[in-house]
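I have placed the structure first, in the form of structure tokens, so that the comments after it can refer back to it.
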Amino acid sequence: MSAPASGSTSLPEPGAAAALLRATVPVLASLDLDESAAFYADRLGFAIALRTADYLIAARDGCELHFWLCGERRIAENTSCYLRGDVRALHAEFTRRSLASEAPVERAWGMRELYVIDPHGNLLKFGEPREPSPDHRHDSTLP
């Protein structure tokens with residue numbers, strides 16, 4: 001069986017075993033689950049799917065982000081996750097939702113990316129494939 005193209009979601013060839021993994025779900029640290037729920041719902045358009053005393057699940061467009069209650073900010077500040085989507089449309093939506101963020105950037109490694117840092121320091125990288133630039137010295141640096 002040939003390997004699918006990068007980013008491909010092709011079906012297995014006839015006779016091949018079905019995929020056992022169906023999704024990845026980041027579990028991020030939250031210093032205050034109520035604050036996280038409000039930020040992800042109000043600023044990023046997620047729906048709150050579950051809220052308990054020490055756990056939160058936010059969902060949007062078939063994607064989930066999970067949060068665990070954490071007392072150490074340094075953990076959240078050293079955590080990130082990558083979400084694939086239409087970064088220009090997301091940036092426009094987030095702006096309408098009063099979230100201040102830099103415009104998406106073009107990366108030499110073939111991605112257009114948008115960065116959002118949540119109230120506790122988790123870095124969300126929103127990305128979509130694009131044509132790599134021939135001279136990646138013109139790409140801006142990571143946040």
Side-chain angles (χ1 to χ4, degrees), residues 1-13 16 18-143:
M1 169 160 68
S2 62
S6 177
S8 173
T9 57
S10 23
L11 297 173
E13 292 179 11
L20 299 178
L21 296 175
R22 305 248 188 299
T24 57
V25 178
V27 182
L28 304 173
S30 171
L31 303 176
D32 180 321
L33 293 172
D34 290 333
E35 187 175 20
S36 291
F39 177 81
Y40 282 83
D42 298 343
R43 298 291 182 260
L44 302 182
F46 281 76
I48 303 309
L50 174 80
R51 172 69 167 88
T52 69
D54 61 353
Y55 208 78
L56 171 72
I57 298 175
R60 176 178 176 165
D61 302 331
C63 297
E64 290 183 3
L65 295 176
H66 290 211
F67 300 87
W68 61 286
L69 187 58
C70 174
E72 298 184 43
R73 185 172 185 87
R74 68 177 176 75
I75 293 173
E77 289 176 340
N78 287 285
T79 303
S80 67
C81 72
Y82 205 93
L83 300 100
R84 290 284 187 100
D86 182 336
V87 297
R88 288 181 268 196
L90 287 166
H91 181 259
E93 178 188 326
F94 297 165
T95 300
R96 285 191 305 273
R97 291 175 171 275
S98 301
L99 177 69
S101 66
E102 297 292 322
V105 293
E106 307 287 320
R107 296 295 186 197
W109 50 85
M111 298 299 289
R112 177 177 298 111
E113 297 180 332
L114 168 67
Y115 308 111
V116 172
I117 298 175
D118 79 7
H120 305 134
N122 292 297
L123 171 61
L124 305 175
K125 295 181 177 186
F126 295 89
E128 67 180 316
R130 67 152 187 102
E131 290 299 316
S133 68
D135 184 359
H136 55 80
R137 291 174 296 170
H138 296 290
D139 290 343
S140 57
T141 59
L142 288 171

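Note that the structure is a prediction, hence the values are computed from the model and not measured. Below, each value reflects all heavy atoms present in this structure, side chains not excepted, and no hydrogens, waters or symmetry copies.
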Centroid separation Tyr40 to Phe67 less than 6.0 Å:
yes
Check: Ser101 main-chain N/O paired with His91 side-chain donor or acceptor under 3.5 Å:
yes
For Arg74, all residues meeting salt bridge (charged side-chain N to carboxylate O under 4.0 Å, His left out), sequence neighbours excluded
Glu72
Look at Arg88 together with Glu113 and state whether they make a salt bridge at an N to O cut-off of under 4.0 Å.
no
Side-chain contact test, heavy atoms from C-beta onward, threshold under 4.5 Å: evaluate it for Phe126 versus Phe94 and give yes or no.
yes
Kindly compute the distance separating CG (Asn122) from CG (Leu31), expressed to the nearest 0.5 Å.
8.5 Å
Report the C-alpha distance between Arg112 and Glu106 in whole Å, list the side-chain angles of each, state the deciding distance to 0.1 Å, and finish with yes or no for salt bridge (Lys or Arg N to Asp or Glu O under 4.0 Å).
CA-CA 4 Å; Arg112 177 177 298 111; Glu106 307 287 320; 2.6 Å; yes
Considering all heavy atoms, the nearest Glu35-Pro119 contact:
OE2-CB, 3.7 Å
Is Arg43 reaching over with its side chain to a backbone N or O of Ala38, donor-acceptor style, under 3.5 angstrom?
no
Hey, are the side chains of His120 and Ser36 touching, using non-hydrogen atoms and a 4.5 Å cut-off?
yes
Closer than 3.5 angstrom, by distance alone: can the side chain of Asp32 be matched with the main-chain N or O of Asp34 as a donor-acceptor pair?
yes
Is the side chain of Glu128 donor-acceptor paired with the backbone N or O of Val87 at a distance under 3.5 Å, no angle test?
yes
So, the side chain of Arg22 versus the backbone of Ala19: is there a donor-acceptor pair under 3.5 Å, distance only?
yes
